[in-house]
Number of protein chains: 2
Amino acid sequence: MAHRGDKTACTLHDRWEAGAEPDYSDCSAAYHFLGTRWNLQIISALLNGYTRFTEIAQLLNLNSRTLAERLKHLELEGIVIRQVRNPIPVRIAYGLTAKGQALREVLSEIQKWAVYADGPEAIEVIGKKNGGSCAERGILQIG
Amino acid sequence: MAHRGDKTACTLHDRWEAGAEPDYSDCSAAYHFLGTRWNLQIISALLNGYTRFTEIAQLLNLNSRTLAERLKHLELEGIVIRQVRNPIPVRIAYGLTAKGQALREVLSEIQKWAVYADGPEAIEVIGKKNGGSCAERGILQIG
DNA sequence: CCGCATCCAACAAGATACTG
DNA sequence: CAGTATCTTGTTGGATGCGG
């Protein structure tokens with residue numbers, strides 16, 4: 001996942017120097033982070049009160065290796081806290097920092113979008129599996 | 001179970017029909033989609049008015065193979081439209097459907113979060129506008 | 001047992017070259 | 001310009017195994 005960094009490198013400064021608009025510049029880091037697989041789901045699980053490693057792994061059907069890796073990243077980002085609750089048997093509780101909890105707004109927006117996206121217009125796709133063609137609906141406007 | 005090869009035209013509906021549990025929320029499909037690499041950045045670019053293939057590729061430092069793949073996928077999801085503007089020389093304009101534009105709210109929330117997240121903790125980076133070292137603080141893991 | 005590290009197969013993304 | 005073909009590299013995730 002380090003490919004892009006080599007080229008684009010430090011996004012914030014580079015974009016400023018390049019004269020890019022603040023619109024895009026500030027959040028390429030956030031996009032990259034949120035666009036990393038499982039991060040959204042993990043945060044969602046934590047927001048919903050799940051705190052244990054294996055709980056989350058089972059909930060998301062995620063193997064332990066990847067989960068451990070993601071949690072470590074999230075910890076380094078200051079989004080997740082790791083608390084050792086019990087030494088033996090090992091009991092660890094994961095939770096969100098303030099910065100992590102601030103993502104609740106984002107996740108909430110995503111939920112709203114998901115409902116909208118599944119609701120009005122994505123209804124006739126149900127005949128999947130067979131034809132395989134997924135999108136045939138009339139599409140609307142262009143930016 | 002393999003969450004791996006989801007790349008093949010796996011739509012939102014495919015996901016929940018495949019047995020994604022609504023346990024933690026009913027939008028795991030949306031999480032999966034938004035959590036797919038490059039999708040957020042591509043949508044952001046489109047929202048910001050970029051319409052051309054090479055434009056987007058350069059903006060994101062993304063190679064053409066992956067960009068083509070992602071755009072095709074986004075088209076199948078009904079989020080992106082591909083319009084042929086000129087046959088020769090080939091001129092194609094990409095844009096967002098209504099469903100895609102509805103993501104503006106989500107991206108906007110992400111921006112807000114990014115500002116907040118960079119604010120209190122990564123002040124040094126934001127403070128200076130001219131060149132120099134990119135990130136002292138570890139928040140921007142980009143890479 | 002629980003959390004996590006290590007090894008390894010499978011797949012996704014990058015670089016480059018090439019077509020219309 | 002907008003892709004496709006192909007080869008190479010990097011990342012992901014399952015199996016396994018270990019320390020506590």
Side-chain angles (χ1 to χ4, degrees), chain A residues 1-9 31-42 45-46 50-76 80-95 142, chain B residues 1-10 18 20 28 31-42 45-46 50-76 80-95 141-143:
Chain A
M1 189 169 294
H3 319 121
R4 191 163 93 87
D6 294 336
K7 297 305 186 74
T8 318
Y31 290 157
H32 184 257
F33 155 66
L34 293 171
T36 295
R37 206 180 227 158
W38 298 117
N39 276 356
L40 275 172
Q41 285 98 323
I42 291 170
L46 291 170
Y50 294 89
T51 59
R52 304 282 306 286
F53 187 91
T54 40
E55 253 180 7
I56 298 172
Q58 284 175 6
L59 179 71
L60 304 178
N61 253 308
L62 177 57
N63 70 85
S64 55
R65 196 204 63 79
T66 305
L67 179 56
E69 189 182 322
R70 287 288 117 85
L71 284 171
K72 207 177 287 176
H73 256 207
L74 290 168
E75 209 186 339
L76 287 176
V80 158
I81 312 179
R82 195 185 105 116
Q83 280 184 334
V84 180
R85 282 289 166 81
N86 208 20
I88 290 173
V90 184
R91 273 293 137 113
I92 294 181
Y94 290 94
I142 203 168
Chain B
M1 89 168 49
H3 278 146
R4 216 53 182 83
D6 285 356
K7 148 199 168 153
T8 18
C10 167
S28 65
Y31 291 156
H32 179 80
F33 155 66
L34 293 171
T36 295
R37 192 134 51 173
W38 297 117
N39 276 357
L40 275 172
Q41 284 98 324
I42 290 171
L46 291 170
Y50 295 88
T51 60
R52 310 280 301 283
F53 187 91
T54 39
E55 253 180 7
I56 298 173
Q58 285 176 3
L59 179 71
L60 303 179
N61 250 308
L62 177 56
N63 70 84
S64 55
R65 196 194 60 77
T66 304
L67 179 56
E69 190 181 324
R70 285 284 109 90
L71 284 171
K72 210 175 287 178
H73 190 229
L74 289 169
E75 210 186 339
L76 285 175
V80 157
I81 307 181
R82 196 185 104 115
Q83 278 186 335
V84 180
R85 283 286 167 82
N86 208 22
I88 287 176
V90 185
R91 237 116 282 184
I92 292 180
Y94 286 95
Q141 46 103 305
I142 282 289

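FYI, side chains are in, hydrogens and waters are out, and symmetry mates aren't considered; it's all heavy atoms of this structure. Order of the sequence lines sets the chain letters (A, B, ...), proteins ahead of strands, with each chain counted from 1.
- Atom CZ of A:R37 is separated from atom C1' of C:dC11 by 9 Å (rounded to the nearest Å).
- Between A:L67 and A:F53, the shortest heavy-atom contact is CD2-O, 3.3 Å.
- As a whole-Å value, the separation of B:I88 CD1 from C:dT19 C1' is 13 Å.
- Summary of the strand contacts: A:R65 and A:A93 both lie near DNA chain C, and taking for each the nucleotide with the nearest heavy atom, the more 5' one is attributed to A:A93.
- Each of A:P87 and B:T51 was assigned the nucleotide of DNA chain D with the nearest heavy atom; the assignment lying further toward the 5' end belongs to B:T51.
- A distance of 9.5 Å separates OG1 of A:T36 from CG of B:L40, quoted to the nearest 0.5 Å.
- Nucleic acid contact for A:V90: sugar-phosphate only, since backbone atoms but no base atoms lie under 4.0 Å from a heavy atom of the residue.
- One atom, CG of B:N63, and another, P of D:dA2, lie 16 Å apart when rounded to the nearest Å.
- Across all strands, A:L67 comes closer than 4.0 Å to no nucleic acid atom at all (heavy-atom distances).
- Nucleic acid contact class of A:S64 (heavy atoms, under 4.0 Å, all strands): base.
- A close approach under 4.0 Å does occur between a side-chain nitrogen or oxygen of B:T66 and OP1 or OP2 of C:dG14.
- Counting heavy atoms from C-beta on, the side chains of A:Y94 and A:L46 come closer than 4.5 Å.
- Across the protein-nucleic acid pair, B:N61 atom CG and C:dA15 atom C1' stand 13 Å apart, rounded to whole Å.
- Within the 4.0 angstrom heavy-atom criterion, only backbone atoms of the sugar-phosphate kind lie near B:R91; the bases stay farther away.
- From B:N86, atom CG reaches atom CD1 of B:I92 across 10.0 Å, with rounding to the nearest 0.5 Å.
- Contact check, A:W38 against D:dT12: no side-chain N or O comes under 4.0 Å of OP1 or OP2.
- B:K72 places its NZ atom 9 Å from the P atom of D:dA5, with the value rounded to the nearest Å.
- In this structure, B:R52 atom CZ and D:dA2 atom C1' are separated by 9 Å, rounded to whole Å.
- Distances shorter than 4.0 Å separate some side-chain N or O of A:T54 from OP1 or OP2 on C:dG3.
- A:H73 has its NE2 atom 12 Å from the P atom of C:dA5, to the nearest Å.
- Between B:L71 and B:R82 the shortest side-chain heavy-atom distance does not fall below 4.5 Å.
- OP1 or OP2 of D:dT12 lies within a sub-4.0 Å distance of a side-chain N or O belonging to A:R70.
- Computed from coordinates, the A:H32 NE2 to C:dA13 P distance equals 11 Å when rounded to whole Å.
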